[in-house]
Chemist: 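Please see the structure below; I have some questions.
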Amino acid sequence: MIKENLEKIRATLPKSVTLVAVSKTKPVSDLQEAYDAGQRIFGENHALEMRDKHEVLPADIQWHFIGHLQTNKIKYIIPFVTLIHSIDSANLLEAVNKEAKKHDRVVDCLLQFHIAMEETKFGLDMEEAQQLLESDEFKQMQNVRICGVMGMATFTDDEAEVRKEFKHLKKIFDTLKVKYFTDQSQFKEISMGMSDDYPIAVEEGATLVRVGSKIFGARNYNV
Ligand SMILES: *Cc1c(COP(=O)(O)O)cnc(C)c1O
(Lines give C-alpha, C1' and ligand atoms only; values in the text may rest on other atoms or scores of the structure.)
Protein backbone atom coordinates (compact mmCIF):
# COMPACT_ATOMS: atom_id res chain seq x y z
CA MET A 1 0.00 0.00 0.00
CA ILE A 2 2.69 2.50 1.04
CA LYS A 3 4.64 1.82 -2.13
CA GLU A 4 1.57 2.32 -4.32
CA ASN A 5 0.66 5.51 -2.47
CA LEU A 6 4.15 6.89 -2.93
CA GLU A 7 4.15 6.06 -6.61
CA LYS A 8 0.78 7.73 -7.10
CA ILE A 9 1.88 10.91 -5.40
CA ARG A 10 5.28 11.05 -7.09
CA ALA A 11 3.57 10.72 -10.47
CA THR A 12 1.64 13.93 -9.84
CA LEU A 13 4.62 16.02 -8.65
CA PRO A 14 6.72 18.09 -11.02
CA LYS A 15 10.48 17.41 -10.89
CA SER A 16 11.05 20.68 -9.08
CA VAL A 17 9.03 19.54 -6.07
CA THR A 18 10.50 17.32 -3.34
CA LEU A 19 8.30 14.96 -1.38
CA VAL A 20 8.77 14.84 2.38
CA ALA A 21 7.10 11.67 3.70
CA VAL A 22 5.60 12.66 7.04
CA SER A 23 5.97 9.55 9.18
CA LYS A 24 5.11 10.91 12.64
CA THR A 25 3.38 8.37 14.90
CA LYS A 26 4.05 5.60 12.35
CA PRO A 27 6.09 2.51 13.23
CA VAL A 28 9.61 1.97 11.92
CA SER A 29 8.31 -0.87 9.73
CA ASP A 30 6.20 1.64 7.78
CA LEU A 31 9.20 3.90 7.24
CA GLN A 32 11.26 0.93 6.13
CA GLU A 33 8.57 0.05 3.61
CA ALA A 34 8.69 3.58 2.21
CA TYR A 35 12.48 3.43 2.20
CA ASP A 36 12.39 0.20 0.23
CA ALA A 37 10.14 1.97 -2.26
CA GLY A 38 12.87 4.59 -2.74
CA GLN A 39 11.78 7.29 -0.30
CA ARG A 40 14.75 8.96 1.42
CA ILE A 41 13.27 12.09 3.01
CA PHE A 42 11.13 11.70 6.11
CA GLY A 43 9.41 14.33 8.23
CA GLU A 44 8.83 14.04 11.98
CA ASN A 45 7.44 16.43 14.56
CA HIS A 46 8.73 15.04 17.85
CA ALA A 47 12.44 15.23 18.60
CA LEU A 48 12.77 12.01 20.58
CA GLU A 49 10.64 10.02 18.16
CA MET A 50 12.80 11.25 15.29
CA ARG A 51 16.01 10.41 17.13
CA ASP A 52 14.80 6.90 17.97
CA LYS A 53 13.80 6.22 14.37
CA HIS A 54 17.06 7.66 13.09
CA GLU A 55 18.99 5.23 15.28
CA VAL A 56 17.43 2.12 13.78
CA LEU A 57 16.82 3.09 10.15
CA PRO A 58 19.34 3.35 7.26
CA ALA A 59 21.93 6.11 7.55
CA ASP A 60 21.22 7.67 4.16
CA ILE A 61 17.77 8.89 5.21
CA GLN A 62 17.40 12.65 5.32
CA TRP A 63 15.46 13.68 8.41
CA HIS A 64 13.33 16.81 8.26
CA PHE A 65 11.94 18.25 11.46
CA ILE A 66 8.52 19.79 10.79
CA GLY A 67 6.92 20.40 14.20
CA HIS A 68 7.15 22.96 16.95
CA LEU A 69 10.62 22.49 18.42
CA GLN A 70 11.15 23.07 22.13
CA THR A 71 14.59 24.43 22.93
CA ASN A 72 15.28 21.68 25.47
CA LYS A 73 14.77 19.04 22.73
CA ILE A 74 17.06 20.56 20.12
CA LYS A 75 20.02 18.53 21.31
CA TYR A 76 18.40 15.25 20.32
CA ILE A 77 18.19 16.09 16.63
CA ILE A 78 21.08 18.43 15.87
CA PRO A 79 23.69 15.69 15.28
CA PHE A 80 21.81 14.35 12.25
CA VAL A 81 18.88 16.54 11.15
CA THR A 82 18.94 17.63 7.47
CA LEU A 83 16.43 20.46 7.55
CA ILE A 84 14.38 22.14 10.28
CA HIS A 85 11.20 23.48 8.66
CA SER A 86 9.81 25.10 11.75
CA ILE A 87 11.89 28.01 13.03
CA ASP A 88 9.17 30.13 14.62
CA SER A 89 11.18 32.52 16.81
CA ALA A 90 14.51 34.28 17.00
CA ASN A 91 15.19 32.49 20.29
CA LEU A 92 14.74 29.10 18.71
CA LEU A 93 17.09 29.95 15.84
CA GLU A 94 19.68 31.18 18.28
CA ALA A 95 19.38 27.99 20.34
CA VAL A 96 19.71 25.83 17.22
CA ASN A 97 22.78 27.81 16.20
CA LYS A 98 24.35 27.28 19.60
CA GLU A 99 23.76 23.53 19.60
CA ALA A 100 24.90 23.19 15.97
CA LYS A 101 28.15 24.92 16.89
CA LYS A 102 28.86 22.26 19.50
CA HIS A 103 28.64 19.67 16.76
CA ASP A 104 30.61 21.75 14.30
CA ARG A 105 27.66 21.70 11.91
CA VAL A 106 25.82 24.25 9.82
CA VAL A 107 22.16 23.30 10.06
CA ASP A 108 19.72 24.23 7.30
CA CYS A 109 16.51 25.88 8.50
CA LEU A 110 13.29 27.35 7.15
CA LEU A 111 11.42 30.21 8.72
CA GLN A 112 7.87 29.18 9.58
CA PHE A 113 5.21 31.77 8.90
CA HIS A 114 1.75 31.98 10.35
CA ILE A 115 -0.46 32.09 7.24
CA ALA A 116 -3.62 30.36 8.51
CA MET A 117 -6.72 31.87 10.08
CA GLU A 118 -6.43 29.60 13.11
CA GLU A 119 -4.68 31.16 16.07
CA THR A 120 -3.17 27.89 17.18
CA LYS A 121 -0.66 27.43 14.39
CA PHE A 122 2.86 28.53 15.15
CA GLY A 123 4.85 30.91 13.03
CA LEU A 124 6.35 34.31 12.48
CA ASP A 125 4.76 37.30 10.82
CA MET A 126 6.64 39.46 8.35
CA GLU A 127 7.62 42.03 10.93
CA GLU A 128 9.11 39.45 13.28
CA ALA A 129 10.98 37.83 10.41
CA GLN A 130 12.47 41.13 9.29
CA GLN A 131 13.47 41.95 12.85
CA LEU A 132 15.17 38.59 13.12
CA LEU A 133 16.98 38.87 9.78
CA GLU A 134 18.18 42.39 10.51
CA SER A 135 19.34 41.68 14.05
CA ASP A 136 23.00 41.68 15.05
CA GLU A 137 22.40 38.36 16.76
CA PHE A 138 21.37 36.81 13.45
CA LYS A 139 24.40 38.20 11.65
CA GLN A 140 26.62 36.48 14.23
CA MET A 141 25.06 33.06 13.68
CA GLN A 142 27.60 30.94 11.83
CA ASN A 143 25.98 27.55 12.36
CA VAL A 144 22.56 27.95 10.78
CA ARG A 145 21.64 28.62 7.18
CA ILE A 146 18.23 29.96 6.18
CA CYS A 147 17.04 28.07 3.10
CA GLY A 148 13.50 29.36 2.70
CA VAL A 149 10.07 29.46 4.27
CA MET A 150 7.39 27.10 5.55
CA GLY A 151 3.69 27.48 6.29
CA MET A 152 0.52 25.59 7.05
CA ALA A 153 -2.79 26.60 5.53
CA THR A 154 -6.06 26.74 7.43
CA PHE A 155 -7.74 23.38 7.91
CA THR A 156 -10.77 23.97 5.69
CA ASP A 157 -12.58 22.72 2.58
CA ASP A 158 -12.50 26.24 1.21
CA GLU A 159 -10.00 25.87 -1.63
CA ALA A 160 -9.97 29.58 -2.36
CA GLU A 161 -8.90 30.36 1.19
CA VAL A 162 -6.14 27.74 1.12
CA ARG A 163 -4.90 29.02 -2.24
CA LYS A 164 -4.88 32.57 -0.93
CA GLU A 165 -2.74 31.52 2.03
CA PHE A 166 -0.25 29.68 -0.18
CA LYS A 167 -0.04 32.72 -2.46
CA HIS A 168 0.68 34.78 0.63
CA LEU A 169 3.55 32.50 1.63
CA LYS A 170 4.98 32.64 -1.89
CA LYS A 171 4.86 36.41 -1.70
CA ILE A 172 6.66 36.38 1.65
CA PHE A 173 9.32 34.18 0.09
CA ASP A 174 9.73 36.54 -2.88
CA THR A 175 9.96 39.58 -0.65
CA LEU A 176 12.59 38.04 1.63
CA LYS A 177 14.53 36.72 -1.34
CA VAL A 178 14.87 40.20 -2.86
CA LYS A 179 15.52 41.95 0.39
CA TYR A 180 17.90 39.61 2.20
CA PHE A 181 18.95 36.66 0.05
CA THR A 182 19.37 37.85 -3.55
CA ASP A 183 22.83 36.38 -3.99
CA GLN A 184 22.28 33.34 -1.78
CA SER A 185 21.31 30.37 -3.90
CA GLN A 186 20.45 28.23 -0.87
CA PHE A 187 17.40 30.41 -0.17
CA LYS A 188 15.08 28.56 -2.54
CA GLU A 189 12.65 26.43 -0.57
CA ILE A 190 8.94 26.95 -0.06
CA SER A 191 7.58 24.19 2.18
CA MET A 192 3.81 24.10 1.89
CA GLY A 193 1.09 21.55 1.20
CA MET A 194 -0.06 18.45 3.09
CA SER A 195 -2.17 15.42 2.10
CA ASP A 196 -5.33 17.38 1.45
CA ASP A 197 -3.91 20.49 -0.15
CA TYR A 198 -0.55 19.70 -1.72
CA PRO A 199 -1.82 19.91 -5.34
CA ILE A 200 -2.84 23.52 -4.68
CA ALA A 201 0.49 24.20 -2.97
CA VAL A 202 2.36 22.87 -6.00
CA GLU A 203 0.37 25.15 -8.30
CA GLU A 204 1.29 28.07 -6.05
CA GLY A 205 5.01 27.39 -6.06
CA ALA A 206 5.83 24.82 -3.36
CA THR A 207 9.28 23.23 -3.63
CA LEU A 208 8.74 20.88 -0.68
CA VAL A 209 5.43 19.18 0.11
CA ARG A 210 4.89 17.42 3.44
CA VAL A 211 2.59 14.46 2.93
CA GLY A 212 1.68 11.99 5.68
CA SER A 213 -1.71 10.30 5.69
CA LYS A 214 -1.89 10.00 1.88
CA ILE A 215 1.21 7.81 2.12
CA PHE A 216 0.92 5.99 5.44
CA GLY A 217 -2.82 6.11 6.09
CA ALA A 218 -4.66 7.96 8.84
CA ARG A 219 -2.80 8.48 12.09
CA ASN A 220 -4.06 7.05 15.34
CA TYR A 221 -2.96 9.26 18.21
CA ASN A 222 -4.35 6.94 20.87
CA VAL A 223 -1.86 4.13 20.50
C1 LIG B 1 1.35 16.09 10.25
C2 LIG B 1 1.93 17.17 9.41
C3 LIG B 1 1.91 17.10 8.01
C4 LIG B 1 1.29 15.96 7.23
O5 LIG B 1 -0.08 15.92 7.39
P6 LIG B 1 -1.02 14.99 6.48
O7 LIG B 1 -2.31 15.69 6.46
O8 LIG B 1 -1.07 13.66 7.15
O9 LIG B 1 -0.38 14.90 5.14
C10 LIG B 1 2.51 18.13 7.31
N11 LIG B 1 3.07 19.17 7.92
C12 LIG B 1 3.11 19.29 9.26
C13 LIG B 1 3.75 20.46 9.87
C14 LIG B 1 2.53 18.29 10.05
O15 LIG B 1 2.56 18.42 11.38
Side-chain angles (χ1 to χ4, degrees), residues 1-13 17-27 30-31 33-34 37 39 41-51 53 62-70 73-74 77 81-89 92 96 108-124 147-159 161-163 165-166 168-170 172-173 189-223:
M1 254 318 243
I2 290 173
K3 182 168 188 272
E4 286 75 17
N5 292 343
L6 275 168
E7 280 164 2
K8 239 184 263 166
I9 295 164
R10 283 196 199 117
T12 69
L13 293 177
V17 177
T18 300
L19 175 62
V20 178
V22 175
S23 46
K24 62 190 189 196
T25 79
K26 295 295 174 181
D30 282 7
L31 282 78
E33 207 174 319
Q39 185 64 28
I41 303 178
F42 292 87
E44 292 280 341
N45 70 343
H46 282 111
L48 284 167
E49 183 179 345
M50 186 161 103
R51 183 202 58 183
K53 286 172 171 172
Q62 297 173 34
W63 294 95
H64 287 207
F65 194 83
I66 62 168
H68 179 61
L69 183 56
Q70 295 167 274
K73 302 280 169 62
I74 294 171
I77 65 166
V81 68
T82 299
L83 180 65
I84 299 174
H85 289 231
S86 44
I87 298 295
D88 55 14
S89 74
L92 177 60
V96 168
D108 287 345
C109 295
L110 307 180
L111 298 179
Q112 180 173 357
F113 283 85
H114 185 274
I115 55 169
M117 293 188 296
E118 295 120 330
E119 288 290 332
T120 50
K121 287 182 178 156
F122 290 102
L124 304 160
C147 298
V149 300
M150 180 271 216
M152 286 170 90
T154 303
F155 185 70
T156 172
D157 290 336
D158 183 353
E159 258 199 37
E161 175 61 31
V162 169
R163 189 178 295 279
E165 293 170 4
F166 288 152
H168 181 206
L169 187 62
K170 172 69 163 71
I172 289 171
F173 171 85
E189 305 294 358
I190 304 177
S191 167
M192 59 187 185
M194 310 178 16
S195 288
D196 289 332
D197 56 19
Y198 77 86
I200 306 174
V202 167
E203 287 172 13
E204 298 304 332
T207 64
L208 291 163
V209 292
R210 310 177 309 267
V211 180
S213 32
K214 276 256 159 75
I215 298 171
F216 297 105
R219 284 177 294 275
N220 181 355
Y221 286 102
N222 299 319
V223 291

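Indexing begins at 1, ligand by ligand and atom by atom, following the structure's order. Computation of the quantities below employed the complete heavy-atom set of this structure, encompassing side-chain atoms and omitting hydrogens, waters and symmetry-equivalent molecules. What you are looking at is a predicted structure, and each value in this text was computed from that prediction instead of being measured.
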Chemist: Do we see a donor-acceptor contact under 3.5 Å between the side chains of T207 and E189?
Modeler: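 The answer is yes; a qualifying pair exists.
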Chemist: If you draw a 6.0 Å radius around NE2 in H46, do more than 12 non-hydrogen atoms from other residues or ligands fall strictly inside?
Modeler: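 Counting other residues, nucleotides and ligands, NE2 of H46 stays at 12 neighbours or fewer.
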Chemist: Report all protein residues having a heavy-atom distance below 4.0 Å to some atom of ligand 1; order the list by chain, then number.
Modeler: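 If the criterion is a heavy atom under 4.0 Å, then ligand 1 touches V22, K24, I66, M150, M152, M194, S195, R210, V211, G212, S213, R219.
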Chemist: Do the side chains of K53 and E49 get close enough for a salt bridge, i.e. N-O under 4.0 angstrom?
Modeler: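 Yes, K53 and E49 are salt-bridged.
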Chemist: Closest heavy-atom contact between H64 and M50?
Modeler: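 Minimum heavy-atom separation between H64 and M50: O-SD, 3.9 Å.
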Chemist: Listing request: all salt bridge (charged side-chain N to carboxylate O under 4.0 Å, His left out) pairs with a residue in residues 199-213, at least two apart in sequence or in separate chains.
Modeler: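 For residues 199-213: R163-E203, R163-E204, K167-E204.
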Chemist: Hey, can you tell me if H68 and F122 have their rings parallel, tilted or perpendicular (30° and 60° cut-offs)?
Modeler: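 Judged by the thresholds at 30° and 60°, the geometry between H68 and F122 is parallel.
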